[in-house]
Amino acid sequence: RRWRGTVDCLLLQPTNYWKNAQQQKLPFTLNPSVLYRGVTVNTMQNAFCVMSQFFLAGQLKKVITGGVDRPLSNTEKIVSGVSAGAISSLVAGPMELVMIQQQ
C-alpha cells in the first residue's frame, strides 16, 4: 500500500509536465526522458506532504483537545487540516519549485 503514492506520481508526471510546459510556453512532447524530468523530487514532495500533514493534523488535534481523547468538531477538523496543510507547504512549495525547474 505504501507504493500507491509513487505509482500516482509516476502516472501523473506527464500531465504535470504538460501543465508546466504550457505555462512556460514550451513545446508539447511525448518523449519520456523529458516528461519524467523531476519525477524524483515530485515523488519525494508528495510523500513529504502526505506524511507531514497526517503527523501535523494529529499533533494539532492534541493541542485543540488538550490531550483529551474525543472526536473533533467539524470546525476543529477544518482548522486542524488547513493548519497542517499550511505548515507543510513551507517545505512542499520549494520542493515543487525544484521539480518545475528540473523540467
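This chain uses plain numbering: 1 for the first residue, then up along the sequence. Every heavy atom of this structure was used, including side-chain atoms; hydrogens, water molecules and symmetry mates were not.
By the rule that hydrophobic residues join a cluster once side-chain heavy atoms approach within less than 4.5 Å of another member, V39 and V34 end up as members of one cluster. Criterion: ILVMFWY side-chain heavy atoms under 4.5 Å apart, direct or through other members. Under it, L10 and L30 are part of a common hydrophobic cluster. By the rule that hydrophobic residues join a cluster once side-chain heavy atoms approach within less than 4.5 Å of another member, L60 and V68 end up as members of separate clusters.
Applying the side-chain hydrogen bond (donor to acceptor under 3.5 Å, both in side chains) test to N20 and every residue at least two apart in sequence or in another chain returns Q103. N31 is linked by a side-chain hydrogen bond (donor to acceptor under 3.5 Å, both in side chains) to S33, counting only residues two or more places apart in sequence or in another chain.
Q22 CD: 12 or fewer foreign heavy atoms inside a 6.0 Å radius. Summarising the local packing, NZ of K62 is surrounded by 12 or fewer heavy atoms from other residues, nucleotides or ligands at distances under 6.0 Å.
Pairs of residues two or more places apart, or lying in two chains, that qualify as side-chain hydrogen bond (donor to acceptor under 3.5 Å, both in side chains) and include a residue from residues 37-49 are Q13-N42. Within the structure, every pair that satisfies the ring pair (Phe, Tyr, Trp, His ring centres under 6.0 Å) test and touches residues 24-58, not counting sequence neighbours, is listed here: W18-F28.
Shown here for L12 and T15, the closest heavy-atom pair between the two residues is O-OG1, 2.7 Å. Of all heavy-atom pairs spanning T29 and L35, the tightest one is O-CD2, 3.5 Å.
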For residues 84-101, which side-chain N or O atoms pair as donor and acceptor with protein atoms under 3.5 Å away, sequence neighbours left out?
unit_1: S88; atom_1: OG; unit_2: Q53; atom_2: NE2; d: 3.0
unit_1: S88; atom_1: OG; unit_2: A84; atom_2: O; d: 3.3
unit_1: S88; atom_1: OG; unit_2: G85; atom_2: O; d: 3.1
unit_1: S89; atom_1: OG; unit_2: A86; atom_2: O; d: 2.6

Which atom pairs, donor and acceptor, lie under 3.5 Å between side-chain atoms of residues 75-83 and protein residues at least two apart or in another chain?
unit_1: E76; atom_1: OE1; unit_2: R70; atom_2: NH1; d: 3.0
unit_1: E76; atom_1: OE1; unit_2: S73; atom_2: N; d: 2.8
unit_1: E76; atom_1: OE1; unit_2: S73; atom_2: OG; d: 3.4
unit_1: E76; atom_1: OE2; unit_2: R70; atom_2: NH2; d: 2.9
unit_1: S80; atom_1: OG; unit_2: A57; atom_2: O; d: 3.3
unit_1: S83; atom_1: OG; unit_2: V79; atom_2: O; d: 2.7

